[in-house]
2 protein chains.
Amino acid sequence: MPRRSDAKNKMIKTALLLFREKGYHGVGLAEILEQSGAPKGSFYHHFPGGKQELALAVLDAANRFMLRLIDNAFENAGTVEAAVDAVIDDIVELAASEKFSLGCPVTSFSVELTREDGEIRKRADTVLRGWVQRMVEQLEPFSPDQDELKRYTEVFRAVLTTIEGGWIVSQIQKSAEPLLIAKQVFRSMDKLQ
Amino acid sequence: MPRRSDAKNKMIKTALLLFREKGYHGVGLAEILEQSGAPKGSFYHHFPGGKQELALAVLDAANRFMLRLIDNAFENAGTVEAAVDAVIDDIVELAASEKFSLGCPVTSFSVELTREDGEIRKRADTVLRGWVQRMVEQLEPFSPDQDELKRYTEVFRAVLTTIEGGWIVSQIQKSAEPLLIAKQVFRSMDKLQ
DNA sequence: TTTATTCTAGGGTGATCACCATAGAATAAC
DNA sequence: GTTATTCTATGGTGATCACCCTAGAATAAA
């Protein structure tokens, strides 16, 4: 059963950009369909669960993108510091190319749905934890001992948190500086102890 | 010209809570009016500029709240570390009491309006800078030299950024831990250098 | 070519969206 | 008490919201 249409992917890609800019509730299905060029009548064929199912698909696409970004950064770096710097630099480059108008591909719209204890929040939680875990996994070939890995887990958690905050503040201030703070955070936590 | 009605304040308080939970676009005026108990017909009397003017008023109220939180924390603390800890603890207590469903009073909804270069984004920018500035001002009576103040400005910026990220991740993970990371960030940046 | 499946065209649902206009009620200043 | 101002009741605007339905087109499997 091969795919005969790329309408679904076009909708997901477009929704990702729009959600990151205006949030989940800030984007209507009409805008997504129009901007993606996808046929209007096919939305509920591809997403029987409606807008929420689309958001879940968007979350998965965003997750794949960020995991690729992490893998790429760690594989092309010789040290942990260089890898973390690369992750942050890549994000800064992305954010700057988007004129600091688009937020984190995951938190920017999932955060609006944190009361209702629904699928979107849970998956966003899993995704965020996965990023930390992936960074730790990328560190294992460098074979630090288990205690060191545990310590880096904490450090990566802090870096990720700072990146999330930096991404938002970058949107507000239209500047790369807040995102770059995550580098300082890593350095100070890495050198210390 | 004394105020004969508290409808305006009730609308602002209610809108602050709803915006923090579901974002700017996630809340309708009808819900705000209903939940605040404010008379329906008086909205555009108090806010001729409509929903955007309400959002600006909400921003100012949120700013006053956070400035009070900062002042209170610094005035009741003997050291910088204790003051920063108090700020974070207060925020954690607030977020926990709200079951981690409500975001930062400023960024949670301003972030949806960062493309259109409007008043809301600009004021949110000013407000965030004001928090850092206020923390530095609260440090001056302890009379560190000018270089030290400049260094603490950087540290406070990092702490604030981590708090912002921690607040969001706390919403996603329904846990206080991400917010508490800001303490580690301060400690490591403070001790180092 | 026939059959089965996947996808789309087109139209329409009630509900909610932000916003507005007007008249009158409530309270203040005089 | 009269005037001026502040506030609210009411009902409405067109637009957009997410969602749904059916018939048929397009493509794959037989």
Side-chain angles (χ1 to χ4, degrees), chain A residues 1-59 109-110 112-113 115-116 118-121, chain B residues 1-59 109-116 118-121:
Chain A
M1 46 182 132
R3 169 164 297 120
R4 297 183 289 160
S5 160
D6 58 336
K8 189 171 183 176
N9 283 328
K10 287 195 295 183
M11 287 189 269
I12 293 174
K13 282 186 82 169
T14 304
L16 174 56
L17 293 176
L18 290 173
F19 283 165
R20 288 177 59 205
E21 179 192 340
K22 299 190 281 190
Y24 179 81
H25 295 105
V27 186
L29 298 183
E31 189 179 1
I32 296 173
L33 289 234
E34 182 192 8
Q35 195 155 321
S36 69
K40 175 194 172 192
S42 69
F43 180 79
Y44 285 93
H45 171 74
H46 296 292
F47 303 102
K51 195 182 182 183
Q52 291 212 0
E53 185 176 342
L54 169 63
L56 284 175
V58 167
L59 252 174
F109 61 94
S110 320
E112 296 173 32
L113 309 162
R115 179 156 214 182
E116 34 188 309
E119 283 297 318
I120 294 176
R121 187 200 66 81
Chain B
M1 49 183 125
R3 167 164 298 120
R4 296 184 289 158
S5 159
D6 58 336
K8 189 170 181 176
N9 283 327
K10 287 196 294 184
M11 288 188 269
I12 293 174
K13 281 187 82 169
T14 304
L16 174 56
L17 292 176
L18 290 173
F19 283 165
R20 289 177 58 204
E21 178 192 341
K22 300 190 281 190
Y24 178 81
H25 294 105
V27 186
L29 297 183
E31 190 179 2
I32 297 173
L33 289 233
E34 182 191 7
Q35 195 155 323
S36 69
K40 177 192 171 193
S42 68
F43 180 79
Y44 286 93
H45 171 75
H46 296 291
F47 303 103
K51 195 182 182 183
Q52 292 213 359
E53 185 178 342
L54 169 63
L56 283 175
V58 167
L59 251 175
F109 61 94
S110 320
V111 83
E112 297 174 29
L113 308 161
T114 53
R115 180 156 213 180
E116 33 185 314
E119 283 296 318
I120 293 176
R121 187 200 66 81

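Because the structure is a prediction, the values reported are computed rather than measured. Numbered from 1 within each chain, the chains take letters A, B, ... in sequence-line order.
- With sequence neighbours left out, the salt bridge (charged side-chain N to carboxylate O under 4.0 Å, His left out) criterion links B:Glu119 to no other residue.
- Residues passing the side-chain contact (heavy atoms from CB on, under 4.5 Å) test with B:Ser36 are B:Lys10, B:Met11, B:Thr14, B:Ala38, sequence neighbours excluded.
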Identify every side-chain donor-acceptor pair in residues 22-31 of chain A under 3.5 Å, counting partners at least two apart or on other chains, and give the distances.
| unit_1 | atom_1 | unit_2 | atom_2 | d |
| --- | --- | --- | --- | --- |
| A:Lys22 | NZ | A:Glu31 | OE1 | 3.2 |
| A:Lys22 | NZ | A:Glu31 | OE2 | 2.9 |
| A:His25 | ND1 | A:Glu112 | OE1 | 2.8 |

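- Distance from the side chain of B:Lys40 is smallest to D:dT10 among D:dA9, C:dT8, D:dT10.
- As rounded to whole Å, 14 Å separates atom C1' of D:dC19 from atom CG of A:Leu54.
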Find every protein N or O atom lying less than 3.5 Å from an N or O atom of nucleotides 15-18 of chain D, and list the pairs.
| unit_1 | atom_1 | unit_2 | atom_2 | d |
| --- | --- | --- | --- | --- |
| D:dA18 | OP1 | A:Val27 | O | 3.1 |
| D:dA18 | OP1 | A:Lys51 | NZ | 2.8 |
| D:dA18 | OP2 | A:Leu29 | N | 2.8 |

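- For D:dC7, one of the phosphate oxygens OP1 or OP2 lies less than 4.0 angstrom from a side-chain nitrogen or oxygen of B:His45.
- Screening residues 48-58 of chain A for side chain to side chain donor-acceptor pair (under 3.5 Å), with sequence neighbours left out, gives no hits.
- The side-chain contact (heavy atoms from CB on, under 4.5 Å) test applied to A:Ile12 returns A:Lys8, A:Asn9, A:Phe47, A:Leu54, A:Ala57, A:Val58, A:Ala61, not counting sequence neighbours.
- Note: CZ (B:Phe43) to C1' (C:dA21) measures 16 Å, nearest angstrom.
- Summarising the geometry, the separation between CG on B:Leu33 and C1' on D:dC7 is reported as 14 Å, rounded to the nearest angstrom.
- Among the nucleotides D:dC7, D:dG12, C:dC7, the one closest to any side-chain atom of B:Ser42 is D:dC7.
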(message) Set out, in order, the CA-CA distance, both residues' side-chain angles and the distance that settles side chain to side chain contact (heavy atoms under 4.5 Å, CB included) for B:Ile32 and B:Phe43, then state yes or no.
(response) CA-CA 10 Å; B:Ile32 297 173; B:Phe43 180 79; 5.7 Å; no

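- Distance CZ (B:Phe47) to C1' (D:dT6): 15 Å, rounded to an integer number of Å.
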